[in-house]
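This one's a predicted model, so the numbers in the text were calculated from it and none came from an experiment. Indexing begins at 1, ligand by ligand and atom by atom, following the structure's order.
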Amino acid sequence: MTHVFGRHFLQIPGPSPVPDRVLRAMSQQVIDHRGPEFGELGLKALAGMKTIFKTEQDVIIYPSSGTGAWEAALANVLKEGDRVLMYETGHFATLWKKMAEKLGVRAEFIGGDWRSGADPDQIEQHLRADSAHEIKAVCVVHNETSTGSVSPIADVRRAMDAAGHPALLMVDSISGLASIDFRFDEWGVDVAVSGSQKGLMLPPGISFNAVSGKALEAARNNGMRRSYWDWQEMVEINGKGYFPYTPATNMLYGLVEAIDMLHEEGLDTVFARHQRLAAATRAAVRAWGLEVLCNRQGHESGVLTTVMMPEGHSADAFRAQALRHYNISLGSGLSKVADKVFRIGHLGDINDLTLVGALSGVEMALSKAGVPHEKGGVAAAMAHLESTPAPGIDA
Ligand SMILES: *Cc1c(COP(=O)(O)O)cnc(C)c1O
């Protein structure tokens, strides 16, 4: 194979590109995870993650992908036969439900059309109908990465409180955290699940649970068999910055660096940067005459934009052209929307020119693949970027 010049455009909604600063921070010698130096690193990583989740409660770090942290959330607070209420926002919500079923949990789905986030009113109705309070938890995906829709988590909590229901609120913010607003304590979340390879700008490999006191208490009283994922042992030894088994040391070096970068920019600026790039992306899609999958105003994701292909055109064939001609990776459609949509990731280590470059690749690849569209999407995105202040630069 001949050398490919220039940088690859990794525009999938995770893993996202890793900043050089994070790569360099990770490129250090491994240390004794029981030695004196390690405790300091562990404490820094754990305290740092609390500032990202916006919680004063416990955060747990697992050497696993996000899927492991999903299982940890379920296995700690639920046992076989328990009822949970889940919301069908898309592919990832569906996978989480399947996992719950594999663990013997009775998961009920509020059906959705994959074009919006969760509807708090429907959650409230379901909880009101459960007058015996059998439902142990409500599980919602914050940023549904398969569709590009965001669920209003604060409103979900308000709906649960309005119903007077004691269920725990469990939120998958694997792709939302550190890219869009998330407030664990303020929103009354009981368990939040996240991962390293999306907004946190790290390689894949570690995952997180943020855990409320109420959830920790529920776990203590829950007889479901679990070992590796058990919170209790973790929380105890984490107090001194250590882990019950070998942690992913070099990922923690990277994590501490990434958290520093996020705070140097300021979380609010990080979130505003994502929203502005997402709005520019939607302007491009509209100008192409194509449709954004999320059709609920206010639910559009700052992390990614999912674009619907015109009838009769293959999204995968289009993505293959984009990769071949322009060295850009775009996200595929998953399960129900396979080959029908493609996803543009605009998260993490990204700026105006990265986005404009990526959108140029999309626009040119639409032509190469013979997909009917109007020209001018990139110009529309540029116009949006020119006319709105860049957070942290202009304002
Ligand atoms: C990426 C993602 C997952 C799966 O995480 P893995 O790290 O691939 O196991 C689950 N939920 C959401 C919303 C995601 O974006």
Counting each atom of ligand 1 from 1 as listed, which ones have a heavy atom of [X] under 4.0 Å away?
X    : answer
T145 : 12 (C), 13 (C), 14 (C), 15 (O)
N143 : 13 (C)
G66  : 5 (O), 6 (P), 7 (O), 9 (O)
S65  : 6 (P), 7 (O), 9 (O)
W70  : 10 (C), 11 (N)

Atom 11 (N) of ligand 1: nearest protein contact (heavy atom, Å): D172 OD2, 2.7 Å
Nearest-neighbour protein heavy atom for atom 2 (C) of ligand 1, which is reported as residue plus atom name and distance: K198 NZ, 2.5 Å
Residue-ligand contact Q197/ligand 1, heavy atom below 4.0 Å: yes
SB check K50 E56 (cutoff 4.0 Å): no
Ionic contact status for R157 with D190, cut-off 4.0 Å: yes
Donor-acceptor contact present, side-chain N250 to main-chain M26, <3.5 Å: yes
Enclosure of R7 CZ (heavy-atom neighbours >12, cutoff 6.0 Å): no
Listed partners of Y228 passing ring pair (Phe, Tyr, Trp, His ring centres under 6.0 Å), at least two apart: Y245
Exercise: do K340 and S314 side chains pair donor with acceptor under 3.5 Å: no
